[in-house]
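Order of the sequence lines sets the chain letters (A, B, ...), proteins ahead of strands, with each chain counted from 1. Owing to the predicted nature of the structure, the values given are computational and were not obtained by experimental measurement.
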Amino acid sequence: MELLLGFLTGLIWGYIFQRARILRFEKHIGLLTLKDFDILKFLLTGVIVGSLGVNLLAQFGLVTYAVKPTYVLANLLGGIIYGLGWALLGYCPGTTGGALAEGAFDGFFGILGGLFGAIVFAHTYDFWKAKVLTVGALGKVTIPSLLGVSPALAGIVFSLMLLGFCLFLEKKGL
Amino acid sequence: MRNGWSPYLGGFLTGVLLIVSVLVTQKFLGKPKYLGTSTAYVRVAGLIEEKLSPAASRLSYYQKYVPRVDWKVSLVFVGVPLGALLAALKNGEFRPHLIPPRWKESFGERPALRALTAFLGGFLIVYGARLAGGCPSGHGLSGMSQLSLSGFLTVMGFFIGGIPLALILYRRRK
C-alpha cells in the first residue's frame, strides 16, 4: 500500500513537472539568474494552495502537521550548500529523475552525485550533529506559534501575501 | 499555450496533490506523509552501503533513516520518472541530450565538463538538503505550507547560495 501510494503520487507529480516545464535546466538557471520566474511561480502557487488546505484541514482536525524542527545554522548553511549545487546542476532532487526521463542524460550524473552526497553525509552526520545542529535548535516552531496567532488565520494571510506577490510578478511582466 | 502548462496551473495541481496526499496517507498509513524527496537518496544510499560494507549500516544516520524502499523511494525513483516519461512521450517532447542548450551557451560542447559539474551539483544538493533537513519539496512546498520556520530559513539559504553562483557561472554567453 505504502509503495503503491508513493508510486501513484510520484506518477502524477512527474506528469505535472513535465507539463509545467519544471524539469528543464534553463528554467532553473533562468530563476537563479533572475530572468525567468516560472519555477518560483510554480512553487509559490503550490504553497498558496497547500498552506490554505493544510492549515484549514488541521483546524477541523482532518490532518496533522509534520513540522521539521528548526536548526537555524544548519538550515541556512545546508540551504546555501544546496544553492551552490543547484546552480551547477540545474535540477533539484525531486526533478532530476524526471529530467532524465525526459531525455536529459546529465541528470544521470546528478543522481549519482546525489547518492554519493547522501553516503558522505551519513558518514559525516555525527560531526554536524555535535557542532552545527546544536546552534539555534528551536524545535518544531512555526510562524503562527512564534506570533501567537491561529495557524488557520496565518495560513490565509500568508496565502494572500503570496497571491499578491504573484500578481506583482505578472504586473511587472516577469 | 498549446504545448505545456502555465506554472500557475502546475503549482495549483501540486498544491492539490500535497493536500490529497496528506489526507490519503493519514487515512491509509496512519501518519501524514508530506511531499519531500531528498530522504529517498539516503534510503537508497544506505541500501547500496549495506551491499558494499555491512559495517556502514551501523552509522547513526542509517539508524535514523533505516535503509529500505519506502514511500519516498517509490515516489522519487519510480513514480516521478515514469510520470515525466509518459508526459514527454505523449507530447512528443522526449529529447535525448547530455548537454542542456542553456549550458552550452555558456560552456560550449564539453561532455566531460557537464558530466562532472552535474555530479558535483548533485552531490551538493543532496548533501546540503540533508544538512538543512530537506529540499525545495520538503522544506519549500511542505515546510512553507505548514508555515514552519525551518522551511523559510532553508529556502532563503537556497537562493543566497544559488543566485550569486549562477550569476557568475552563466554571465558569459558564447
- Is there a side-chain contact between A:R19 and B:L13, using heavy atoms and a 4.5 Å cut-off? no
Under 4.5 Å to a heavy atom of chain B? For A:T9 that would be both
If you tally heavy-atom pairs under 4.5 Å between each of A:T70, A:L84, A:D106 and chain B, the highest tally belongs to A:D106
Cut-off 4.5 Å, heavy atoms of chain A, and the answer for B:K64 is side chain
Scored by heavy-atom pairs under 4.5 Å with chain A, the best of B:G162, B:S145, B:P136 is B:S145
For residues A:I111 and B:Y41, determine if any side-chain heavy atom of one lies less than 4.5 Å from a side-chain heavy atom of the other.
yes
query: Relative to B:F77, does B:R43 satisfy both conditions: NZ or CZ under 6.0 angstrom from the six-membered ring centre, and within 45 degrees of the ring's axis?
result: no
Whatever's closer than 4.5 Å to a heavy atom in chain B on A:I39 counts as neither
Turns out that what part of B:L141 lies under 4.5 Å from chain A's heavy atoms comes down to both
Okay, B:I48 and chain A: the region with an atom under 4.5 Å from a heavy atom over there is side chain
Looking only at A:N55, A:L52, A:I29, A:V72, most heavy-atom pairs under 4.5 Å shared with chain B are made by A:I29
So, the part of B:V155 with a heavy atom under 4.5 Å from chain A: the answer is neither
Turns out that what part of B:E49 lies under 4.5 Å from chain A's heavy atoms comes down to side chain
Turns out that what part of B:F12 lies under 4.5 Å from chain A's heavy atoms comes down to both
Answer key: most heavy-atom pairs under 4.5 Å with chain A among B:A88, B:S142, B:G36 is B:A88
Cut-off 4.5 Å, heavy atoms of chain A, and the answer for B:R58 is neither
- Message: Under 4.0 Å between a side-chain nitrogen and a carboxylate oxygen: does that hold for A:R24 and B:E93?
- Response: yes
If one checks every heavy atom of B:L59 against chain A at 4.5 Å, the contacting part turns out to be side chain
**Prompt:** Does A:Y71 belong to the same Ile/Leu/Val/Met/Phe/Trp/Tyr cluster as A:L73, with side-chain heavy atoms less than 4.5 Å apart forming each link?
**Reply:** yes
Bottom line for A:L115: the part with an atom under 4.5 Å from chain B's heavy atoms is both
Check: A:Y125 ring centroid to B:Y65 ring centroid under 6.0 Å: no
**Prompt:** Charged N to carboxylate O under 4.0 angstrom, B:R95 versus A:E102?
**Reply:** no
Nearest heavy-atom approach of B:I99 to B:W103 is CG2-CD1, 3.3 Å
Under 4.5 Å to a heavy atom of chain A? For B:L169 that would be side chain
Whatever's closer than 4.5 Å to a heavy atom in chain A on B:Y34 counts as side chain
With chain B, the option among A:F25, A:F105, A:F108 that has the most non-hydrogen atom pairs under 4.5 Å is A:F25
When the 4.5 angstrom heavy-atom criterion is applied to B:K90 and chain A, the contacting part is side chain
